[in-house]
Amino acid sequence: QVQLVESGGGLVQPGGSLRLSCAASGPISSVYNMDWYRQAPGNQRELVATITPGGSTNYADSVKGRFTISRDNAKNTMYLQMNSLKPEDTAVYYCKAIVRMDDRRTYSYWGQGTQVTVSS
């Protein structure tokens with residue numbers, strides 16, 4: 001099966017930056033649209049950003065102008081560059097991807113999450 005692994009989380013001060021990565025591995029033919037979600041303690045999981053295979057993007061209003069989603073299709077990897085971080089960005093960040101397998105079947109997969117903490 002396919003595995004999505006997030007990395008790059010950590011503790012940063014307000015105003016700082018982090019770059020998250022999400023790497024897909026397994027018997028993959030193609031990775032279609034990919035998303036970043038986040039979930040803060042006590043809150044529902046929310047969609048942060050999306051990106052299509054062709055590079056079209058969308059962002060939640062709360063992160064527009066501060067976060068940038070990108071992808072490297074050759075590496076089956078997605079990134080989230082987070083700048084000007086605020087305490088309210090603190091959450092576990094999850095990646096999600098729609099993946100076409102080598103056997104031509106298509107599935108949606110979730111990563112296990114990476115913790116981002118913004119605090120002084």
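Residue numbers count from 1 along this sequence.
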Item to check | Any side-chain heavy-atom pair of V2 and L4 under 4.5 Å | outcome: yes
Item to check | Donor-acceptor contact present, side-chain R45 to main-chain Y94, <3.5 Å | outcome: no
Checklist entry - Going by heavy atoms in the side chains, are K75 and S21 under 4.5 Å from each other? => result no
Next on the checklist: Please evaluate residues N33 and T50 with respect to the criterion side chain to side chain contact (heavy atoms under 4.5 Å, CB included), reporting the C-alpha separation (whole Å), side-chain torsions for both, the decisive distance (0.1 Å), and the verdict.
Outcome noted: CA-CA 7 Å; N33 47 304; T50 66; over 6 Å; no
Checklist entry - Any donor-acceptor pair under 3.5 Å linking the side chain of R104 with the backbone of S29? => result no
Next on the checklist: Using a 3.5 Å distance criterion without hydrogens, assess whether the side chain of T114 forms a donor-acceptor pair with backbone atoms of G9.
Outcome noted: yes
Item to check | Nearest-0.5 Å distance, CD of residue Q115 to OG1 of residue T90 | outcome: 7.5 Å
Next on the checklist: Counting neighbours of CD on Q1 that are heavy atoms of other residues, nucleotides or ligands and sit closer than 6.0 Å, is the number greater than 12?
Outcome noted: no
Next on the checklist: Please say yes or no: joined through hydrophobic side-chain contacts below 4.5 Å, possibly via intermediate residues, are Y107 and M34 part of one cluster?
Outcome noted: yes
Checklist entry - Can you tell me how far CG of N43 sits from CD of E88, rounded to the nearest 0.5 angstrom? => result 11.5 Å
Item to check | Beyond-backbone contact of C22 with W36, side-chain heavy atoms, under 4.5 angstrom | outcome: yes
Checklist entry - Just by modelled atom types, is the S30 backbone N or O under 3.5 Å from a matching donor or acceptor in the R100 side chain? => result no
Checklist entry - Is E6 reaching over with its side chain to a backbone N or O of C95, donor-acceptor style, under 3.5 angstrom? => result yes
Checklist entry - Rounded to the nearest 0.5 Å, what separation is found between the CD1 atom of I28 and the CG atom of D102? => result 8.5 Å
Next on the checklist: Between E46 (side chain only) and R38 (backbone N and O only), is there a donor and an acceptor less than 3.5 Å apart?
Outcome noted: no
Checklist entry - Are V12 and M82 side-chain neighbours, meaning at least one heavy-atom pair lies under 4.5 Å? => result no
Checklist entry - Below 4.5 Å, heavy atoms only, C-beta onward: do V5 and Q112 meet side chain to side chain? => result no
Next on the checklist: Under 3.5 Å, is there a donor on one side chain and an acceptor on the other for S17 and N83?
Outcome noted: yes
Checklist entry - With the threshold set at 4.0 Å, does a side-chain nitrogen-carboxylate oxygen contact exist between D61 and K64? => result yes
Checklist entry - Got more than 12 heavy atoms from elsewhere within 6.0 Å of CD, Q39? => result yes
Checklist entry - Is it true that a side-chain atom of T57 and a backbone atom of I51 form a donor plus acceptor pair closer than 3.5 Å? => result no
Checklist entry - Which pair of non-hydrogen atoms, one from R66 and one from S84, has the smallest distance, and what is that distance? => result NH1-O, 3.0 Å
Checklist entry - When clusters are formed by joining ILVMFWY residues with side-chain heavy atoms under 4.5 Å apart, either directly or through shared neighbours, do Y109 and I98 land in the same one? => result no
Checklist entry - Is there a side-chain contact between V31 and N73, using heavy atoms and a 4.5 Å cut-off? => result no
Checklist entry - What is the distance from atom CD1 of I69 to atom CG of D35, rounded to the nearest 0.5 Å? => result 7.0 Å
Next on the checklist: Please check this pair: side chain of Y37 against backbone of W110, looking for a donor-acceptor N/O pair closer than 3.5 Å.
Outcome noted: no
Checklist entry - Are any non-hydrogen side-chain atoms of Y79 and Q81 less than 4.5 angstrom apart? => result no
Next on the checklist: Using side-chain heavy atoms (C-beta onward) and a distance below 4.5 Å, is F67 in contact with L18?
Outcome noted: no
